[in-house]
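Presented below is the structure to which this report refers.
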Amino acid sequence: MKHNIIITALNSEGAIERILGKIRSRGWKIDSLSAMTESDEQKYAISLIVAGERSIEQLVRQIEKLYDVELATVSELAKLEVVISNTDEVRTINTPEQERQLSFPLRYDSERWNSEKRAECNA
Amino acid sequence: MNGAQVLIKALENEGVDVLFGYPGGAIMPVYDALLGSKLRHILTRHEQGAALAADGYARASGKVGVCLATSGPGATNLVTGIANAYMDSVPLVAITGQVHQTLMGTDAFQEIDIFGITLPIVKHNFIVRDVRAIPKVINEAFELARSGKPGPVLIDFPKDVAVAEISDREIVQAFAEREEVALTETADMVEFEKAIALLENSSRPLLYVGGGVRISRSAKELRSFAERMGIPAVTTLQGMGAIPARHPLNIGMLGMHGLKAANTAVQECDLLICVGARFDDRATGKLSTFAPNAKVIHMDIDRAEVGKLRKPDASLVGDLKESLEICVDSHRYSSWRSRCLTHRKLYAWDYNAPTKSIYAPRFLRDLSKAADRDTYVACDVGQHQMWVAQHYSFHRPEQHLTSGGLGTMGFGLPAAIGAQFAFPEARVICVSGDGSIMMNIQELATINRYKLPIKIVLFDNQALGMVRQWQELFFSERYSEVDLSDNPDFVQVAESFGIPAFRIEKQDQVAGAIDKLLSVKGPLLCHVVIDPKENVWPLVPPGKSNSEMISAKVN
């Protein structure tokens, strides 16, 4: 199974290594990874596609436990919408294959995703 | 003041009184600053000893253990101790010296990326990049180590930061910048209601008690919970003593080398209340057949533990003290309770020695009976560790210091040292084996240096007993590298370290030996020669269900 994980983490020493190490040691493979600091460089916005057979909720809880992770959520792959950062072109990806064809880095449309999540919660 | 002095001041502010360590090049400014400080530094003879002593200190006292080492090999020697603390959720702060920041990344002398090396075995780690950040980093490190689910935190301390000067005004400012790290969770009310409903609908509930009870200091609340509702309890290796050994509701330790009554209770219960335990494979056996007919209530401080291996029907994530306040109108479980107690009597240990030589289980039972109730017992890893768990009676969970998660041979001696520094007046016994003791034998020098009255019981079967047992049972008696018959003379070894020692090999010498162990004031090593063929029974074969426990094979 493949899953998209969205993470907000502090831009502190080792933060990305910590997250990647956790994903590996808990038995997952990384299909794609995009990470960039936000404008003030205080935080990272990270989007990953991970592949594995274990419970994704468990992985997310393990990631959330990391001291420099502020938020980690899992999103359905089919709903993934990305902005190609260099071109600002928006594409909706439905399959991992389509996702693989994209150039990197990917920037996740977090505002849109958040409003969708809110709508889901309200429903 | 320089950075090293600020570090010491910050440690004093955290209430540190004892730290364990070993000096070296990159950490020298800190050792210089230690002179004249309020901190008591304990010199071990290997950095692994320092980390494990800090671990033992933390387990016994509940306070954060602190260890200190230099860069490079000093730092890598701490790694096993840090991993040990990580696996058993022990609050530990490890401080390592590091080369100058300008040299970091150049393969400098004694430079190693200890930050990178320890990433997977710490709750968090830091490199102190600026002298002004020291108070904040130390404060965060201690808060992190002890809050929530405790664990180790490493602080890498470059030499240039240690020698950097800071003005008095900046120091005041730096200490003012510390912030409280709030990391608490409270269980969901909906889950509480679910748990109550499960308890109300259960006729055979069972408590499955783990190390979380010791860590959160909630043994009193657990006992009150069990007594209030009359629910029997089984404990894990780390949960021993959480409910006193002879308590009428204690059915014993479950798992691979548990009591058959405990494993039977788990298999028969219809509601398993997991209190600060983590469904470890040594406790559950084949997971899919563990408590097969039971619903599960999982109480834990760590949300990530819930559902990791077994999906609960209700999860109370938060402080156990609060979760254990839950109550239903009860005392409806009396027939189930008496069934469990009947099993406990039926499957009680048989102390009739199968051979003429000294029988370690009986030795430990006799020692337990004779020693005062507040004795701390630190063990190593292997057969003797399981015998201690099975046959020594613990009344409080802090009394039993054992490396459960990592299973670190060599834990016993340093852990006993740590416990003795936490409680200088207490009686501390280290139970070890001839394999394990050699892994940190150098710490006999630490015991002698500080004249610690630690009593060492060394069971010697001239073999790597647990491995030999598995080779006998599961590898068709093909023995590979388990013979230790060329061990040194342990009495001579101890004496050369300045520790009095004696040897016993016959059953009729046991009473006298125990008497001596409990009456001599200073340190003492009792070398106990046991039958090399003796195994730990009963046993759940690896990968099998706990219902498939096997008893002693008749030779």
Side-chain angles (χ1 to χ4, degrees), chain A residues 1 3-30 33 35 37 40-44 46 48 50-75 117 120-123, chain B residues 83 86-87 89 98 101 104-105 113-130 133 136-137 139-145 147-156 158 179 181-183 185 278-279 298 300-312 315 317:
Chain A
M1 277 289 284
H3 307 270
N4 178 218
I5 307 175
I6 311 293
I7 300 167
T8 310
L10 295 176
N11 179 7
S12 55
E13 193 153 12
I16 294 210
E17 274 178 276
R18 246 182 261 283
I19 293 164
L20 299 186
K22 191 62 83 183
I23 292 168
R24 176 190 55 73
S25 69
R26 294 282 169 181
W28 293 81
K29 285 183 175 170
I30 295 168
L33 158 68
T37 54
D40 58 358
E41 296 194 354
Q42 297 287 305
K43 285 176 190 172
Y44 279 118
I46 303 164
L48 290 138
V50 295
E53 300 308 315
R54 300 190 185 184
S55 149
I56 188 68
E57 288 76 24
Q58 278 301 312
L59 178 65
V60 169
R61 284 178 189 174
Q62 289 292 344
I63 293 170
E64 267 183 332
K65 241 167 75 170
L66 295 171
Y67 185 49
D68 27 34
V69 169
E70 288 195 338
L71 190 73
T73 46
V74 61
S75 145
K117 269 282 166 215
E120 270 174 34
C121 288
N122 292 335
Chain B
Y86 183 73
M87 292 295 282
S89 307
Q98 183 54 279
Q101 289 186 78
M104 285 172 75
D113 176 19
I114 196 64
F115 179 91
I117 287 174
T118 55
L119 275 171
I121 53 163
V122 291
K123 250 184 109 172
H124 195 69
N125 52 10
F126 298 91
I127 300 175
V128 187
R129 294 287 185 185
D130 185 333
K136 187 163 178 284
V137 167
N139 183 238
E140 265 182 290
F142 275 78
E143 276 296 315
L144 271 166
S147 64
K149 178 181 185 168
V153 177
L154 177 123
I155 301 167
D156 203 23
E179 48 191 287
V181 189
L183 296 160
E185 278 212 65
R278 57 187 181 88
F279 294 87
H298 197 159
D300 206 293
I301 190 78
D302 181 4
R303 191 171 288 280
E305 281 301 332
V306 175
K308 182 177 80 178
L309 293 161
R310 171 84 177 241
K311 197 170 157 47
S315 55
V317 177

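Convention: sequence-line order gives letters A, B, ...; per-chain numbering from 1. No hydrogens, no waters, no symmetry mates; every other heavy atom, side chains included, goes into these values.
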Task: Interatomic spacing from CD in A:Glu64 to CZ in B:Arg303 - rounded to 0.5 Å - done: 8.0 Å

Open item on the list: Can you tell whether the side chains of B:Arg129 and A:Glu13 come within less than 4.0 Å, N to carboxylate O?
Closed with: yes

Open item on the list: Has A:Arg61 got a side-chain atom pairing as donor or acceptor with B:Val306's backbone, closer than 3.5 angstrom?
Closed with: yes

Open item on the list: Distance check, rounded to the nearest 0.5 Å: A:Arg18 atom CZ versus B:Phe115 atom CZ?
Closed with: 4.5 Å

Task: Heavy-atom neighbours of A:Lys43 NZ exceed 12 at 6.0 Å - done: no

Task: Separation between NE2 of B:His124 and CG of A:Leu66, rounded to the nearest 0.5 Å - done: 9.0 Å

Open item on the list: Which residues in residues 50-59 of chain A have any heavy atom closer than 4.5 Å to a heavy atom of chain B?
Closed with: A:Gln58

Open item on the list: Would you compute the distance between atom CG of B:Leu119 and atom CD1 of A:Ile19 and round it to the nearest 0.5 angstrom?
Closed with: 11.0 Å

